[in-house]
Asks: 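Take a look at the following structure, please.
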There are 2 protein chains.
Amino acid sequence: MSTNLPSTQDLLHLELFLPYRLNVVGSFASRALGRIYDERFGIGIPEWRVIAQLGEFGRLTSRDIGELSQMHKTKVSRAVTELEKRGFITRSENRQDRRESFIALTAPGARIYAEIVPLALAFQARWTEGLAPEELRVFERVLSILTERGRHLAGTYHENER
Amino acid sequence: MSTNLPSTQDLLHLELFLPYRLNVVGSFASRALGRIYDERFGIGIPEWRVIAQLGEFGRLTSRDIGELSQMHKTKVSRAVTELEKRGFITRSENRQDRRESFIALTAPGARIYAEIVPLALAFQARWTEGLAPEELRVFERVLSILTERGRHLAGTYHENER
DNA sequence: CGCAATTAGTTGCAAGTGAAACTAATGTCA
DNA sequence: TGACATTAGTTTCACTTGCAACTAATTGCG
């Protein structure tokens with residue numbers, strides 16, 4: 001009864017190779033969600049991530065958003081610019097440090113957030129429906145470990161700066 | 001002792017949101033592996049996927065490669081063109097169906113494959129090191145289910161054609 | 001203080017991407 | 001057979017991306 005698990009052997013089956021599998025499943029999720037965000041709200045995934053962080057934490061700087069959502073600072077910059085142009089967020093200069101500015105959801109932005117959250121949660125619920133809670137728990141635990149190790153294996157430079 | 005698991009609630013924490021997490025971990029893996037492929041062999045991830053499939057299955061058409069590796073046909077086309085230009089693969093017309101051609105690794109291509117496979121396996125081994133086999137087994141099982149469902153949630157159009 | 005180093009954020013640029021249109025070949029079906 | 005539909009693969013185009021360089025502000029340190 002072999003484990004079918006990744007191990008050190010001399011054969012490689014791409015369809016069992018974790019980095020490949022994680023990218024495939026991630027891209028499926030992005031495609032499905034991206035379509036929802038775009039069709040119903042006209043925004044992309046980077047914009048959604050910005051809104052999600054602002055909805056969860058309130059006022060943040062671009063730097064905070066990048067760190068929290070693991071996005072490159074240029075991606076954050078562009079998403080923020082776009083969201084501001086559409087009136088979903090506002091920027092206000094930080095008088096204590098005029099390099100940065102505080103970003104917050106406007107009322108329309110908060111409305112979008114309030115509309116997307118249940119959709120996102122429903123999507124996740126449907127996606128994980130029927131899986132044993134214990135299995136899901138293990139899955140998430142392993143996922144956390146792989147993410148943390150991946151952050152280091154990827155080197156000092158992740159998608160966001162530093 | 002709450003489960004910390006995704007469920008239908010009215011709060012969303014992006015850092016616990018599965019689509020987000022899967023994309024983050026996938027991008028870490030891609031970045032780490034991509035750096036290896038590029039630095040040591042001068043190829044990118046799409047090229048690596050093509051080589052991997054040819055190394056595993058032998059002679060294939062571009063269509064096969066796209067299906068097996070879940071890549072859009074244009075991405076396959078470009079990777080194949082590039083690999084041919086570098087002498088890692090050859091194309092030979094299929095006389096039974098002259099729309100397609102068979103693609104196979106050349107000797108240098110097979111050498112690259114033979115060099116990358118142990119690196120990839122070692123990477124995976126190091127990445128999953130110390131995790132309980134039973135946990136990894138559960139992880140992979142859930143990952144398979146999520147992938148299969150994701151394929152459908154993403155709609156008929158995945159990254160590859162149709 | 002004053003000057004070098006650091007940091008927040010933006011922009012130019014070159015590369016990579018997928019959708020759609022396209023070419024050429026094959027399949028289908030009356 | 002002949003016309004229409006389908007398929008393999010390529011190319012064009014618009015868009016996204018990350019890196020590097022940049023600006024402006026702040027910090028650190030002699």
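To find a chain, count down the sequence lines: A is the first, B the second, and so on, and within it residues start at 1.
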Asks: Is A:Ser77 near enough to C:dT10 that one of its side-chain N or O atoms lies under 4.0 angstrom from OP1 or OP2?
Replies: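 So the side chain of A:Ser77 is within the cut-off, an N or O lying under 4.0 Å from OP1 or OP2 of C:dT10.
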
Asks: Can you tell me which residue pairs pass the salt bridge (charged side-chain N to carboxylate O under 4.0 Å, His left out) test with a partner in residues 13-25 of chain B, sequence neighbours excluded?
Replies: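 Salt bridge (charged side-chain N to carboxylate O under 4.0 Å, His left out) check on residues 13-25 of chain B returns A:Glu140-B:Arg21.
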
Asks: To the nearest Å, give me how far apart CD1 (A:Ile65) and P (C:dG9) are.
Replies: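 Atom CD1 in A:Ile65 sits about 8 Å away from atom P in C:dG9.
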
Asks: Let me know the distance between NZ of A:Lys73 and P of D:dT17, rounded to the nearest Å.
Replies: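 Distance check: A:Lys73 NZ to D:dT17 P gives 17 Å.
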
Asks: My understanding is that only residues two or more places apart in sequence, or in another chain, count here; which of them pass side-chain hydrogen bond (donor to acceptor under 3.5 Å, both in side chains) with A:Arg99?
Replies: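 Once residues adjacent in sequence are excluded, the partners of A:Arg99 under the side-chain hydrogen bond (donor to acceptor under 3.5 Å, both in side chains) criterion are A:Asp97.
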
Asks: Who passes side-chain hydrogen bond (donor to acceptor under 3.5 Å, both in side chains) against B:Ser30, sequence neighbours left out?
Replies: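 B:Ser30 satisfies side-chain hydrogen bond (donor to acceptor under 3.5 Å, both in side chains) with A:Asn23 only.
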
Asks: In terms of ring plane angle, is the pair B:Trp48 and B:Tyr113 parallel, tilted or perpendicular, where the classes change at 30° and 60°?
Replies: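 Correct class here is parallel.
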
Asks: Between D:dT17 atom C1' and B:Asn23 atom CG, what is the distance in whole Å?
Replies: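 Taking atom C1' of D:dT17 as the reference, CG of B:Asn23 is at 14 Å.
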
Asks: Between D:dT17 atom P and B:Ile45 atom CD1, what is the distance in whole Å?
Replies: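 Those two atoms, CD1 and P, are 17 Å apart.
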
Asks: Find the distance B:Met71:CE to C:dA19:C1' and express it as a whole number of Å.
Replies: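 It works out to 17 Å between those atoms.
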
Asks: Of all the choices, D:dA21, D:dG9, D:dT12, which nucleotide is nearest to the side chain of B:Arg78 once you look at every atom?
Replies: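 The answer is D:dT12, which lies nearest to the side chain.
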
Asks: What contact category does B:Thr61 fall into here, base, sugar-phosphate, or nothing, at under 4.0 angstrom with non-hydrogen atoms?
Replies: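 Contact class for B:Thr61: sugar-phosphate only.
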
Asks: Give the rounded distance in Å between these two atoms: CZ of B:Arg63 and C1' of C:dA25.
Replies: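 Whole-Å distance recorded here is 15 Å.
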
Asks: For a side-chain contact (heavy atoms from CB on, under 4.5 Å) with B:Leu60, tell me which candidate from B:Ile103, B:Leu68, B:Ile89 qualifies.
Replies: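 Testing each of B:Ile103, B:Leu68, B:Ile89 against B:Leu60, the sole residue satisfying side-chain contact (heavy atoms from CB on, under 4.5 Å) is B:Leu68.
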
Asks: Contact class for B:Thr74 vs. all strands (heavy atom < 4.0 Å): base, sugar-phosphate, or nothing?
Replies: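 It contacts base atoms.
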
Asks: Does B:Glu56 have any side-chain hydrogen bond (donor to acceptor under 3.5 Å, both in side chains) partners at least two apart in sequence or in another chain, and if so, which?
Replies: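 With neighbours one apart ignored, the set is A:His13.
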
Asks: Taking only side-chain nitrogens and oxygens of B:Lys75, does any of them come within less than 4.0 Å of OP1 or OP2 of C:dG18?
Replies: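 So the side chain of B:Lys75 is within the cut-off, an N or O lying under 4.0 Å from OP1 or OP2 of C:dG18.
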
Asks: Rounded to the nearest angstrom, tell me the gap between atom CZ in A:Phe28 and atom P in C:dG18.
Replies: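 Those two atoms, CZ and P, are 13 Å apart.
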
Asks: In whole Å, I'd like the distance from the CZ atom of A:Arg35 to the C1' atom of C:dA19.
Replies: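 Taking atom C1' of C:dA19 as the reference, CZ of A:Arg35 is at 15 Å.
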
Asks: At less than 4.0 Å, is any side-chain N or O atom of A:His72 found next to OP1 or OP2 of D:dT17? Yes or no.
Replies: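 So the side chain of A:His72 is outside the cut-off, no N or O lying under 4.0 Å from OP1 or OP2 of D:dT17.
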
Asks: List for me each residue that meets side-chain hydrogen bond (donor to acceptor under 3.5 Å, both in side chains) alongside B:Glu93, sequence neighbours excluded, and say none if there are none.
Replies: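 Expected list: none.
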
Asks: Quick check on contacts: within residues 87-106 of chain A, what sits under 4.0 Å from DNA chain D by heavy-atom distance?
Replies: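 The answer is A:Asp97, A:Arg98, A:Arg99.
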
